[in-house]
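Report on the structure given below.
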2 protein chains.
Amino acid sequence: MQSTAEENYIKAIYKLSGGGAAAVSTTALSETLQTKPASVSDMLRKLSAKDLVHYVKYHGVQLTDEGQRVALKIIRKHRLWEVFLVQKLRFSWDEVHEVAEQMEHVKSELLIQRLDEFLGHPRLDPHGDPIPTEAGELREVEQRALASLNIEQEGVVCRVKDSQPAFLQYLNRVGIQIGSQLQVVDKIPYDNSLEISIDKSKSVILSSDVLEKIFVINP
Amino acid sequence: MQSTAEENYIKAIYKLSGGGAAAVSTTALSETLQTKPASVSDMLRKLSAKDLVHYVKYHGVQLTDEGQRVALKIIRKHRLWEVFLVQKLRFSWDEVHEVAEQMEHVKSELLIQRLDEFLGHPRLDPHGDPIPTEAGELREVEQRALASLNIEQEGVVCRVKDSQPAFLQYLNRVGIQIGSQLQVVDKIPYDNSLEISIDKSKSVILSSDVLEKIFVINP
DNA sequence: AAAATAATTTAGACAAACCTAAACTTTTAC
DNA sequence: GTAAAAGTTTAGGTTTGTCTAAATTATTTT
Ligand SMILES: [Mn+2]
Ligand SMILES: [Mn+2]
Ligand SMILES: [Mn+2]
Ligand SMILES: [Mn+2]
């Protein structure tokens with residue numbers, strides 16, 4: 001059984017490695033987890049001793065198969081709780097992350113099975129992220145970053161890859177949500193920003209930072 | 001903000017003091033919390049420094065007003081989650097305690113407000129224990145221990161004061177639940193056990209230990 | 001291919017929450 | 001009213017997860 005701290009490290013390694021493939025650096029982890037690199041080194045030694053990660057000093061860390069299994073379980077719990085908060089408790093998508101960050105660590109197989117059932121086995125969380133199945137499978141949908149669209153091209157928002165309230169509140173402000181129909185009106189080469197029309201009405205200019213975090217499918 | 005450990009101590013002090021009145025001993029706490037008396041002493045010094053308890057060395061501990069406020073908040077969360085688990089996730093009353101013991105420590109005012117609303121502002125948890133209001137008020141209902149009933153007297157089960165799965169499963173087994181109509185058929189003076197009829201049909205003999213933990217109201 | 005810079009690890013500390021063993025109070029028994 | 005027993009606290013450790021400062025390794029520059 002893992003501690004809350006260990007679980008948070010495992011989840012961070014999973015996310016930074018892009019699903020388990022690439023090796024993750026100490027610094028990258030220290031940034032996402034808001035801890036000092038020295039503390040990360042300590043924890044990696046510990047996770048390695050528990051065979052949850054492959055860790056080669058000075059050369060980064062990767063999840064073992066077991067580590068990956070654990071990561072997907074925590075992500076499943078996190079995303080199911082997010083669905084619960086939005087659909088049942090009327091939270092908005094920018095309010096759920098911090099709470100789900102705590103609830104994901106509650107230990108009970110029965111709880112998560114029943115929660116999944118109660119929610120009707122949802123496939124996606126409120127940010128469009130897929131929910132791993134009980135068996136630990138993750139179905140990614142074909143999708144592209146808004147940044148990769150050309151003039152005139154269209155897409156429907158299916159996912160936003162940043163859970164910080166400030167970012168989500170910004171999207172609320174400009175009127176973008178999951179399901180919004182976007183179209184590229186103009187490209188501004190100077191800074192790679194795009195002018196985007198939302199649901200065929202008002203249009204806004206989005207910075208390249210923002211464009212990288214919004215994902216769309218073909219309409 | 002209190003840690004999970006601190007919250008568990010505060011809740012235990014509240015319960016052992018019978019709602020905040022009496023002083024609680026180190027040993028009593030060490031038993032309910034399954035820690036050594038020495039560890040309890042440490043924690044009491046700490047809670048005292050935080051003004052959550054009045055602590056006089058060698059003479060027991062009591063909650064301050066602030067400590068009492070905190071205790072009621074945790075108990076409110078615990079009992080609301082128990083209701084959620086039973087009513088929404090189809091847990092049985094003997095499965096909820098351990099999970100609620102974890103969920104009660106999730107920090108979010110909004111969460112608990114919305115949960116309360118989602119559940120329809122329940123007054124009682126699955127064991128018949130009253131749920132403190134948001135303002136921290138606890139309405140106790142008039143009730144008596146089954147042990148205090150005489151021959152022929154009747155009562156409706158409104159509360160059971162032991163959350164251990166083994167005890168609740170025993171009640172399931174003999175067929176007693178909240179709302180059961182009980183009547184004393186016979187008294188066995190030898191060991192203060194009683195023969196009790198359940199819902200006017202089958203009857204069982206209950207030990208005095210068990211009789212002290214079941215509470216009834218007049219039918 | 002050094003030297004400089006950046007990334008990472010080790011060493012040594014600390015707070016929280018627990019432990020055992022020893023010392024100290026309070027209570028109970030005589 | 002003392003002595004034994006019971007209850008409680010203190011002293012000194014351990015583990016977990018963090019930190020800062022120093023040492024080490026890897027990478028980049030020249
Ligand atoms: Mn978390
Ligand atoms: Mn999410
Ligand atoms: Mn608890
Ligand atoms: Mn209960």
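Order of the sequence lines fixes the chain letters, A, B, ..., with proteins taken first and strands second; residue numbering starts at 1 for each chain.
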Is a donor on one side and an acceptor on the other found under 3.5 Å between the side chain of [X] and the backbone of [Y]?
{"X": "B:His127", "Y": "B:Trp93", "result": "yes"}
{"X": "B:Ser17", "Y": "B:Gln62", "result": "no"}
{"X": "B:Arg90", "Y": "A:Arg114", "result": "no"}

query = Listed in order of residue number, which residues of residues 29-38 of chain A have a non-hydrogen atom at under 4.0 Å from DNA chain C?
reply = A:Pro37, A:Ala38
message = Using a 4.0 Å cut-off on heavy atoms, which residues in residues 47-57 of chain B reach DNA chain C? List them by number, or say none.
response = none
How long is the line joining [atom1] of [X] and [atom2] of [N], in whole Å?
{"X": "B:Arg45", "N": "C:dC18", "atom1": "CZ", "atom2": "C1'", "value": "13 Å"}
{"X": "B:Asn8", "N": "C:dA16", "atom1": "CG", "atom2": "C1'", "value": "14 Å"}
{"X": "B:Leu44", "N": "C:dC18", "atom1": "CG", "atom2": "P", "value": "12 Å"}
{"X": "A:Asp42", "N": "C:dA11", "atom1": "CG", "atom2": "P", "value": "11 Å"}
{"X": "B:Glu7", "N": "C:dA16", "atom1": "CD", "atom2": "C1'", "value": "15 Å"}

A:Arg69/A:Glu66 salt bridge by N-O under 4.0 Å criterion =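 So A:Glu66 pairs with A:Arg69 through a salt bridge.
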request  = Answer yes or no: is there an ion pair linking B:Glu7 with B:Lys73, defined by an N-O contact shorter than 4.0 Å?
outcome  = no
ask   = From C:dT10, D:dA26, C:dC19, pick the nucleotide closest to the side chain of A:His59?
value =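 The answer is D:dA26.
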inquiry  = Using a 4.0 Å heavy-atom cut-off, does A:Thr26 contact any base of the nucleic acid, only the sugar-phosphate backbone, or nothing at all?
reply    =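 Sugar-phosphate, backbone atoms only, no base.
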Establish, with yes or no, whether the OP1 or OP2 oxygen of [N] is under 4.0 angstrom from a side-chain nitrogen or oxygen of [X].
{"X": "A:Tyr58", "N": "C:dT10", "result": "no"}
{"X": "B:Ser3", "N": "C:dA16", "result": "no"}
{"X": "A:Ser39", "N": "D:dT18", "result": "no"}
{"X": "B:Ser25", "N": "D:dG7", "result": "no"}

query = A:Phe84 ring centre to B:Lys88 NZ or CZ under 6.0 Å, with the angle to the axis within 45°?
reply =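 No, a cation-pi geometry is absent between B:Lys88 and A:Phe84.
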query = Tell me, do B:Val106 and A:Trp81 make a side-chain contact under 4.5 Å, heavy atoms counted?
reply = no
inquiry  = Once rounded to the nearest 0.5 Å, what's the spacing between atom CG of B:Leu47 and atom CD of B:Glu6?
reply    = 5.5 Å
ask   = Would you say the side chains of B:His78 and B:Asp125 form a donor-acceptor pair under 3.5 Å?
value =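 Not at all, the side chains of B:His78 and B:Asp125 share no donor-acceptor pair under 3.5 Å.
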